[in-house]
2 protein chains.
Amino acid sequence: MPNQPATDHNGLNEEEFLANYNAGSYERPSVAVDMLIFTVMEQEQNNYRKLAEKSLQLLLIQRGEHPFLGEWALPGGFVGIGESVEEAARRELYSETNIDNIYMEQLYTWGDVHRDPRMRVISCSYMALVDRKALSVQAGDDAAAAAWFEVSYLILDTSREVLEQGIRQETLVEITLQSDEEKLSGVVKLTETIQGHVRQMNREIVRSSGFSFDHLLMVQYAIERLRGKVEYTDIVFNLMPPLFTLSELQRVYEIILGKDLLAAAFRRKIAERVIETEESTRDAGHRPSKLYRYNVEWNLS
Amino acid sequence: MPNQPATDHNGLNEEEFLANYNAGSYERPSVAVDMLIFTVMEQEQNNYRKLAEKSLQLLLIQRGEHPFLGEWALPGGFVGIGESVEEAARRELYSETNIDNIYMEQLYTWGDVHRDPRMRVISCSYMALVDRKALSVQAGDDAAAAAWFEVSYLILDTSREVLEQGIRQETLVEITLQSDEEKLSGVVKLTETIQGHVRQMNREIVRSSGFSFDHLLMVQYAIERLRGKVEYTDIVFNLMPPLFTLSELQRVYEIILGKDLLAAAFRRKIAERVIETEESTRDAGHRPSKLYRYNVEWNLS
DNA sequence: GGAATAGTGTCTGTGAGACAGTATCAA
DNA sequence: TTGATACTGTCTCACAGACACTATTCC
């Protein structure tokens with residue numbers, strides 16, 4: 001712990017060093033953010049008695065210029081030299097949704113050399129979860145076309161191979177994004193290798209139609225993470241309106257996890273995480289249900 | 001899905017666009033990687049009957065130039081324009097440890113504007129876990145001084161404050177890194193805010209002595225992640241040698257989690273994750289124990 | 001009354017916490 | 001024999017899965 005200002009091999013102290021610092025002219029990558037904005041939406045029902053079906057939706061924009069002109073991509077943009085990466089992400093998020101105060105989480109930084117055909121771009125992906133009802137503006141007010149796509153995530157196949165010193169497992173995941181007008185789909189191969197003790201994961205696009213760049217990988221990664229976090233955090237509540245029924249909440253869990261849950265067990269499990277209100281639904285064609293709100297106090301880590 | 005090459009507003013198709021693409025001359029950030037290399041080490045015991053104490057260790061290097069000349073920092077370096085971010089991380093990892101085939105995982109990308117006093121640097125942090133016995137070379141063969149630091153992670157205090165529309169919880173975490181000769185320590189404030197449904201996390205350095213840049217935050221984040229992943233993955237086995245006793249394994253869990261575990265419950269829990277071998281320890285001054293190895297087949301996700 | 005959802009009661013199996021007790025080695 | 005660690009047996013409690021059952025609304 002130097003109390004005297006330390007000097008380097010040129011005899012400069014830190015202040016002098018920084019004043020004379022020359023950043024050099026080597027080539028630098030561009031840095032971008034890409035946003036995975038999810039929400040849950042209801043489809044109308046023709047049977048007045050039935051509950052509306054819900055689905056997980058992802059916001060995409062249609063590219064107005066090369067490369068991938070006319071194809072769909074995650075909203076995103078470059079990180080300015082004077083803004084932090086998180087600020088850039090919030091800026092993009094706001095420009096797409098027109099609302100502030102949205103749950104947002106950094107996911108993964110994608111750094112392959114040739115992931116953008118124009119130049120070297122490293123992209124940091126963020127996931128955001130929005131309550132559909134809080135979005136007053138429909139996607140599409142932007143200059144570029146934007147649309148919500150229904151997400152489907154299907155595991156096609158898993159296979160194993162025994163290696164000399166370990167094992168390799170490959171999983172094929174099919175991702176389909178469906179909007180009112182378009183359907184994108186692609187298959188990602190996840191390779192998990194264990195050699196000795198060392199575990200490695202790899203993601204690779206097997207086929208892809210309609211996705212730009214490596215965005216299919218980002219989508220797969222995000223869904224995987226969303227599923228994981230749903231099981232051990234309160235992340236779902238970011239997709240819910242302030243008041244909701246337990247059935248609605250259960251549907252959201254089911255949509256994200258891709259499997260049905262038993263009502264009794266589900267209600268027990270989330271009982272502490274919610275607070276019952278005096279209000280309830282009405283005019284439903286069946287028994288009304290109590291409305292609940294999120295219990296903020298629960299399990300603050 | 002354009003079968004005809006789509007043309008943009010300049011009448012160019014994608015091929016022509018890319019051939020003429022000019023990346024522009026706006027200022028770009030530099031991108032770096034920082035490595036959090038953890039291992040578990042044994043301290044010698046003077047009582048021949050007692051087991052060696054273990055501790056979690058982190059590898060740091062002493063900076064040979066400004067800024068933070070003479071202070072300790074995470075090993076790392078810039079991402080070259082021709083290598084992927086992951087390749088840069090592997091390169092740094094190899095140059096510090098001289099071994100290949102190490103468990104490595106991307107953690108978080110740190111993008112604050114002023115995190116480096118020299119210039120704008122965005123840094124992607126990676127965590128690596130190494131079996132101490134696989135490291136033939138001691139840290140320090142490098143030109144720069146390198147040393148292992150014993151990690152201690154202590155929650156000093158948590159406090160809560162009720163807001164109009166939510167709650168704020170602050171946690172103070174003290175991190176101490178102790179090598180044979182030096183001791184670094186610092187306090188990080190974690191702020192978790194819930195406003196309405198929206199949860200946000202923030203990390204901030206409260207005080208720091210001996211750490212460079214925002215590396216204290218990176219260390220805190222990494223330990224938090226390590227603790228989390230230990231509970232629901234097989235990540236610990238990356239810290240173990242090929243053969244180990246269940247007591248050793250339990251110690252490693254205990255060190256990382258910072259709490260004691262009951263042997264009976266522990267053994268039940270990991271029973272399926274390991275395979276008993278014929279070998280056992282000897283000359284221990286007490287009952288020998290069976291050696292186990294990792295069960296590669298267990299729970300391939 | 002019927003169709004639908006809302007919500008409860010309870011059996012059962014699993015698995016973790018707790019802790020006492022037994023086993024086995026080397027000096 | 002002793003001091004240390006290695007390992008097992010078993011009680012209890014909490015909780016999730018399963019499923020049958022009751023409750024309540026609107027047409």
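Quick note: numbers below take in every heavy atom, side chains included, and nothing from hydrogens, waters or symmetry partners. Letters A, B, ... mirror the listed sequences (proteins, then strands); counts begin at 1.
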Heavy-atom contacts, protein to nucleotides 12-21 of chain C, under 4.0 Å, summarised as B (base), S (sugar-phosphate only) or - (none) per nt, yield ----BBBB--

Rounded to whole Å, CD of B/Gln250 lies from P of D/dC7 at a distance of 11 Å

* To do: Output yes when at least one side-chain N/O atom of B/Ser289 is less than 4.0 Å from OP1 or OP2 of D/dT5, else no.
  => no

Will you find, in the side chains of A/Ser55 and A/Gln57, an N or O donor that is under 3.5 Å from an N or O acceptor?
yes

Does a sphere of radius 6.0 Å around CD in B/Glu42 hold more than 12 heavy atoms from other residues, nucleotides or ligands, not counting ones at 6.0 Å or beyond?
-> yes

Of B/Gly285 and B/Lys290, the one whose nearest nucleotide on DNA chain D sits closer to the 5' end is B/Gly285

### Query
Take atom NZ in A/Lys290; do more than 12 heavy atoms of anything else shown fall under 6.0 Å from it?
no

note: B/Leu246, atom CG; C/dT24, atom P; distance rounded to Å ~ 17 Å

Protein N or O to nucleotides 21-23 of chain D N or O, pairs below 3.5 Å:
residue	atom	partner	partner atom	Å
D/dA23	N3	A/Arg287	NH1	2.7

Rounded to whole Å, NZ of A/Lys259 lies from P of D/dG17 at a distance of 8 Å

Rounded to whole Å, NE2 of B/His286 lies from C1' of D/dT5 at a distance of 5 Å

Does A/Glu297 pair with B/Arg160 as a salt bridge, N-O distance under 4.0 Å? yes

Open item on the list: Counting neighbours of CD on A/Glu181 that are heavy atoms of other residues, nucleotides or ligands and sit closer than 6.0 Å, is the number greater than 12?
Closed with: no

From CZ of B/Arg251 across to C1' of D/dA4 the rounded distance in Å is 11 Å

Does OP1 or OP2 of D/dT5 have a side-chain N or O of B/Ser247 closer than 4.0 Å?
no

Side-chain atoms of A/Lys50 come closest, of C/dC25, C/dG7, C/dA4, to C/dA4

